[in-house]
Amino acid sequence: MTPEANEARHLDLVRFEHAAGAAFGYEADDDRTPARFAVAPAAFAVATFATAVAATLTYLI
């Protein structure tokens with residue numbers, strides 16, 4: 001694949017990704033507030049903890 005074709009394919013995929021996000025109601029990356037990124041690690045930690053608790057309870061029962 002030539003570099004031009006590769007770049008064109010990449011841009012097509014980016015446009016498709018943005019269109020799919022807009023279709024499902026997700027806002028563009030530029031519109032996000034920094035607070036959303038600060039909450040993401042905390043949400044991941046809570047989800048990990050909840051999974052560990054659920055697995056432990058499943059094992060014990």
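Bear in mind that the values here come from a model prediction, so they are computed numbers and not experimental data.
- Remark: A20 pairs with no residue by the side chain to side chain contact (heavy atoms under 4.5 Å, CB included) rule, at least two apart or across chains.
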What donor-acceptor contacts under 3.5 angstrom involve side-chain atoms of residues 52-61, with partners at least two apart or in another chain?
| unit_1 | atom_1 | unit_2 | atom_2 | d |
| --- | --- | --- | --- | --- |
| T56 | OG1 | A52 | O | 2.8 |
| T58 | OG1 | A54 | O | 2.7 |

Throw together a table of side-chain donor-acceptor distances under 3.5 angstrom for residues 41-49, partners on residues two or more places apart or in other chains.
| unit_1 | atom_1 | unit_2 | atom_2 | d |
| --- | --- | --- | --- | --- |
| T48 | OG1 | F44 | O | 2.8 |

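- By the side chain to side chain donor-acceptor pair (under 3.5 Å) test, D12 pairs with R15, sequence neighbours left out.
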